[in-house]
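Proteins get letters first, then strands, A, B, ... in listed order; numbering begins at 1 in each. The figures that follow rest on heavy atoms only: side chains count, while hydrogens, waters and symmetry mates do not.
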Amino acid sequence: MSLILIVEDEPAVRQIIGDWLASEGYQVALAPDVEQARAWFAAAPQPPDAALLDIKLPDGNGFMLADFLAEDHGFDRVIFITAFFWEEETRRELVKRGQPYFEKPLKFHQQVLPFLRRFIEKKEP
Amino acid sequence: MSDRPWTKRWTFFIGVTLMLALPLAMAYFYFGNLLGQNERNRHQRRLNAQLNSIQEQLYDAKWDAVADTYDDTLQLGWIKEAALLRNTLRGYTYPDGRNFVEGIAVISMKGGLRPTRLAAVIDDEGKPLKAERLSELKKEAPWLENPWLPSYDFVAEAFKVDPKLKNWQSPFIQAPGRIVFVVASARRKLDGSFHSAVILQYSLEGLWRNLQAPTSGELDLWLMDSQGVLGLATTKLAKISANAFLASGMLATVLDNGGKETSQGKLGGAGELEQIIAKEAMRLDFRTLASDMVLGVVTRESQMGTQGAAVLRYLGLISLWALLMLAVAGAIYTVASLREEARMVEKETLQRYAGTISHRVRNDLATAMGNLELISMGRLKSPDRIQETLDNSVIPALADIQDTVEDLERLSRGEVDLAKDGQLGIETMYDVKRSERRGENTT
């Protein structure tokens, strides 16, 4: 069973993402900000198969968190989610990084779940 | 929105204006003082030169007269005595008879005039003036043919009192229609007693008009003798100054110093005094002719350095005008700049608020659509769970969207204001004021 870390500051959004992934049979871990996400990662016995990171977070942003995870844990299986794709700075950074991202509102059935499945399968040998 | 940009810009504008104005004002006062002082110095040098020149002319006039009258004493008793005296008189005659020596005469032992007296009615060639011209001149000077005083015993008396006196200058004497004075040389007998004297009688007004006025400009000048008689005052101010000088009791002291200076080979004394006339500060520059007379020129302190002050005043006005124009231009620029900045701030605020709205609505949509999709895909089977999801997630998200739309409508009607609503990275976020936001102040 694949483990997915969801880092999202909006409780309702965090909840629906969690519900969707759980309904698909994924094991879900939830964190509302950068600090708790890093704490969870440090305590986790193994890294998740993927991490869905919101970009705008109360104590930082998803890019910053992705950099921490890469540096501290060598983890780069991140998918960004954002309601700020319209913002030039955010869009430029997403393009520069070349990592996958979804724009809110998420279309779970059509986009997120199929992509996530491929994303996780791709990781496995 | 903050009013700091307005404060900052105006502070900058006022600062720059003051930075321009202060050096300008300092320069104005500095150069005003410098120009005024320079002009005062220049004025003083020019005045000193004029006074020295007049002093020298008076000195020359006296000693020319002394020399001539002394020469003439050697001719007394000769048969051509009258002709010789005429030659002396001719030396003081200006063309057309406008002389400053009224006449030359021989004074007897008792002070009477001898028949050889000659009045200034000759032309510069020593010939009598034409009757027509003489008649014209006599309209101004009726005494022209007979300038003599009733008695000259004061001349004889002066030489008798001082047995060693060879020549003498009289005080000023009020004659009909004018003031005169006499320069005389004595002829003495072998025992030293007075025998007779040759006199030159000066018209003070003629001396001034023909000899000194052309070089004196428009000075407030006066001339006073050793007795305190005012012989000449070119203006009313000069007359007041002379009377004030006399009243001050300085005459004797000034003449005494003049006599001492002359005994040391100088033309006379020189100095300056302060006078207050009609509560106005004046400066009196004076010269003496030995101890015989005092020549004074009075100048208003307020008028000294006025030309430089006037030039500077014009310069100051031009500078002030330029500064005002600069200040007006700066103020216009500041206002325009602030308005532009306000427009930009307003634009950015709206941009950031649009971002806030977008973020909020997208999250609401994510919640609502995600849950509806969950239900539509049959992932929630229990009716209770479906109801719970609708009540707790979908409906609040849609309500939030509705509140947001209503906030936008109220904002468009000007019923609510935008305010800062946190910071995301370097971006300041704006939203409708929390207290005015839909759903925030309801329980």
Asks: Counting heavy atoms not belonging to B/Tyr30, are there more than 12 under 6.0 Å from its OH?
Replies: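 For B/Tyr30, atom OH is not crowded (no more than 12 foreign heavy atoms under 6.0 Å).
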Asks: Examine distances only and state if a side-chain atom of B/Glu373 and a backbone atom of A/His109 form a donor-acceptor pair shorter than 3.5 Å.
Replies: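 Yes.
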Asks: Got more than 12 heavy atoms from elsewhere within 6.0 Å of CD, B/Glu274?
Replies: no
Asks: If the contact rule is any heavy atom under 4.5 Å from chain B, which residues of residues 3-26 of chain A qualify, in numerical order?
Replies: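 The stretch touches chain B at A/Glu8, A/Glu10, A/Ala12, A/Val13, A/Ile16, A/Asp19, A/Trp20, A/Ser23, A/Glu24.
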Asks: Could you look at B/Thr367 and say if it's the side chain, the backbone, both or neither that has a heavy atom under 4.5 Å from chain A?
Replies: both
Asks: Return the CZ to CD distance between B/Arg362 and A/Glu103, rounded to the nearest 0.5 Å.
Replies: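 Nearest 0.5 Å value for the CZ-CD distance: 4.0 Å.
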Asks: Please indicate whether B/Met325 has more than 12 foreign heavy atoms, meaning atoms of other residues, nucleotides or ligands, lying under 6.0 Å from its CE.
Replies: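 Result for CE/B/Met325: enclosed.
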Asks: Give the minimum heavy-atom separation between A/Ala83 and B/Ser358, together with the two atoms involved.
Replies: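 Looks like O-OG, 3.9 Å.
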Asks: Could you walk me through whether A/Lys104 and B/Asn363 pass side chain to side chain contact (heavy atoms under 4.5 Å, CB included), step by step?
Replies: CA-CA 7 Å; A/Lys104 294 176 185 175; B/Asn363 276 327; 2.7 Å; yes
Asks: Among the options B/Leu365, B/Leu374, B/Asn371, pick out the one with the most heavy-atom pairs lying under 4.5 Å from chain A.
Replies: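 Greatest number of close heavy-atom pairs with chain A: B/Leu374.
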Asks: For atom CD of B/Glu340, is the number of surrounding heavy atoms from other residues, nucleotides or ligands below 6.0 Å larger than 12?
Replies: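 Enclosed: over 12 neighbouring heavy atoms sit under 6.0 Å from CD of B/Glu340.
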Asks: May I ask you to check whether over 12 heavy atoms, not counting those of A/Gln36, lie within 6.0 Å of atom CD?
Replies: yes
Asks: Tell me, out of B/Gly355, B/Ser393, B/Ala354, who's got the most heavy-atom pairs with chain A below 4.5 Å.
Replies: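 Of the options given, most contacts go to B/Gly355.
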Asks: Hey, mind stepping through B/Arg352 and A/Glu87 against side chain to side chain contact (heavy atoms under 4.5 Å, CB included) and telling me if it holds?
Replies: CA-CA 10 Å; B/Arg352 301 309 306 172; A/Glu87 192 185 58; 3.3 Å; yes
